[in-house]
Amino acid sequence: MNVQRWMARREASWRQLETLLTQAEKGGLRSLSGSQVRQMASLYRSVSADLARAKGNSVGQAVIKDLQGLTSRSYSQIYQGSRRQEWQALWEFYRYGFPAVVQQSWAYIAGATGLFAIGGLIGWWLARQDPAFLTLVLGQEFVEEVKTSRELWTVSIMGVEPVASSGIMINNIGVSLKALLGGVTMFIPQGPMITPPGAFTVFLLVFNGLMIGCVGVLVAQANLAYDFWAFVLPHGVLELPAIFMAGGAGLILARGILLPGPYRRLDALKLYGLQAAQLLYGIIPLLVIAGLIEGFFSPQTWIPSGLKYAVGTALLIGLGQYCRTQRPSPNRLELS
C-alpha cells in the first residue's frame with residue numbers, strides 16, 4: 001500500500017469527521033441535523049476501518065494516534081451521547097411532559113377523585129350510623145384492637161423501615177396498575193367474572209374511599225384522629241393524588257373503548273392508551289417518594305404532629321405548583 005497516497009485520499013474524511021465531532025461536543029448531538037448524524041456514523045465506520053489498516057501497515061504512530069482519537073471521540077458521541085439524550089428526554093418529560101399530561105387529563109383525574117370521595121363519604125356515614133358496618137369493612141379483631149389499645153397500628157413500621165417502605169411502594173404501584181388495567185377489564189377469581197371496561201377502576205376507587213371513611217370514624221372514636229391524620233398527611237398528599245391519576249388513566253382507557261368518538265375503536269385505544277401510559281409512568285416517582293416518607297418519616301413518634309402537618313401541607317402545595325408547570329413558549333424564551 002502506498003501510504004502517502006492513501007493518507008492524502010483519506011485525510012479529507014478524517015477532517016470532516018473531526019469537524020462534526022467538535023460541533024457535537026460543543027452543542028450536543030441535537031446541534032447536528034439528521035443527515036449530519038448519519039454522516040458522522042458513516043465516517044466513524046470508515047475511520048475505524050482506516051485505523052485497522054494503519055495498524056497493519058507501515059504508518060507512523062502520529063497517524064495511528066490521530067485515528068484512535070477520532071474513533072474514541074466518535075464512539076463517545078454516538079453511543080454515550082445517545083444515552084445522554086435519553087436522560088435529557090426523561091428529564092424533559094418529568095419537567096414539562098408529565099405536568100402537561102396531568103393538565104390534559106384533569107377531567108378524568110377529577111372524576112377518579114370524586115369517586116374516591118363518594119366512597120369515603122358513604123363509608124364515613126354508614127360507619128357512624130351502624131357499628132356493624134364498621135366491623136364488616138375493617139374486621140372485628142382490628143376494630144377491637146384499636147379501640148382497646150388506644151394506639152395507632154402504624155407504630156409497627158418502626159424498626160423495619162426499609163422493609164416496610166419497599167413493601168408500601170410495591171403495594172401502591174400494584175394498586176395503580178390495577179386501577180389502570182381496570183379501565184380495560186379485570187378478572188375477579190372470587191366471582192369468577194370478567195369486569196367490563198372501567199368497572200374495576202370505579203370499584204377500586206370507591207372501595208378505597210370506603211375504607212378511608214371507615215378508618216376515619218374508627219380513629220375518631222378511639223381519640224386518635226389528630227395523630228392518625230398527622231401520620232397520613234405527609235405521604236398521603238403524594239400517594240392519594242398518584243392513585244387518583246392512575247384511576248384517571250383507567251377511565252381514559254375505558255373512554256377509548258366505550259366512547260371512541262370520531263376514531264375507530266382500535267385507533268382510539270392507541271391514542272388514549274398513550275395518554276394513560278404517560279400518566280402511569282409519571283406517578284411512579286410520586287409513589288416511590290410517598291413510600292419513603294411513609295416508611296421513614298410518617299410513623300416516627302419523636303417527630304411532632306404539627307411538623308408532620310406542616311410537611312404534608314408544603315408537599316401538597318409543591319405538587320400543585322408542579323402539576324401547573326407550563327412549557328416555556330419560544331416567544332417567552334426569546335424575551336428572556
Side-chain angles (χ1 to χ4, degrees), residues 99 102 109-110 112-125 127-128 134 137-138 142 146 149-162 164-173 175-176 179 204-248 282-324:
V102 171
I109 297 170
T113 306
L115 289 168
F116 181 89
I118 289 170
L121 289 172
I122 292 173
W124 173 81
W125 189 81
R128 285 194 64 191
L134 185 66
V137 174
L138 300 179
F142 177 73
V146 172
S149 66
R150 300 283 176 171
E151 184 181 52
L152 287 177
W153 58 95
T154 55
V155 296
S156 62
I157 295 175
M158 297 175 63
V160 291
E161 288 90 343
S165 181
S166 59
I168 290 164
M169 291 179 202
I170 294 170
N171 176 72
N172 290 336
I173 292 172
V175 170
S176 300
L204 193 66
L205 291 166
V206 173
F207 180 75
N208 277 277
L210 194 76
M211 293 278 290
I212 288 291
C214 290
V215 169
V217 171
L218 175 61
V219 295
Q221 292 176 350
N223 295 319
L224 295 170
Y226 182 75
D227 290 337
F228 173 73
W229 294 115
F231 164 79
V232 169
L233 194 64
H235 64 269
V237 296
L238 300 179
E239 180 182 304
L240 288 177
I243 298 298
F244 300 154
M245 291 175 193
I283 68 173
I284 291 176
L286 292 179
L287 294 174
V288 170
I289 295 170
L292 290 172
I293 295 173
E294 187 173 357
F296 292 94
F297 180 82
S298 296
Q300 302 301 323
T301 55
W302 59 269
I303 299 176
S305 294
L307 178 59
K308 293 180 182 180
Y309 278 104
V311 169
T313 302
L315 287 172
L316 181 61
I317 294 172
L319 178 63
Q321 291 297 321
Y322 168 64
C323 290
R324 294 173 57 192

Closest contact, heavy atoms only, [X] versus [Y]:
X: Ile283; Y: Ala246; result: CD1-CB, 3.8 Å
X: Pro299; Y: Gly295; result: CG-O, 3.7 Å
X: Cys214; Y: Ala127; result: SG-CB, 4.1 Å
X: Ser305; Y: Tyr226; result: CB-CE2, 3.4 Å

task: Take Ile122 and Leu210 through the side chain to side chain contact (heavy atoms under 4.5 Å, CB included) test and state the conclusion after the steps.
output: CA-CA 6 Å; Ile122 292 173; Leu210 194 76; 3.9 Å; yes
To the nearest 0.5 Å, how far apart are [atom1] in [X] and [atom2] in [Y]?
X: Glu239; Y: Leu233; atom1: CD; atom2: CG; result: 12.0 Å
X: Leu292; Y: Phe297; atom1: CG; atom2: CZ; result: 13.0 Å
X: Met245; Y: Leu287; atom1: CE; atom2: CG; result: 10.0 Å
X: Thr301; Y: Asp227; atom1: OG1; atom2: CG; result: 10.0 Å
X: Phe296; Y: Ile303; atom1: CZ; atom2: CD1; result: 12.0 Å

message: Going by side-chain contact (heavy atoms from CB on, under 4.5 Å), name the residues that satisfy it together with Ser166, two or more places apart in sequence or in a different chain.
response: none
Pairwise side-chain contact, [X] with [Y], heavy-atom cut-off 4.5 Å (strictly under):
X: Pro241; Y: Leu286; answer: no
X: Val102; Y: Arg324; answer: no
X: Phe116; Y: Leu240; answer: yes
X: Asn208; Y: Ile243; answer: no
X: Leu315; Y: Ile289; answer: no
X: Leu138; Y: Val215; answer: yes

Could you tell me whether the side chain of [X] and the main chain of [Y] form a donor-acceptor pair under 3.5 Å?
X: Ser298; Y: Val232; value: no
X: Lys308; Y: Trp229; value: no
X: Asn172; Y: Ile168; value: yes

query: What is the ring orientation for Phe228 with Phe231, classed by angle as parallel under 30°, tilted 30 to 60°, or perpendicular over 60°?
result: tilted
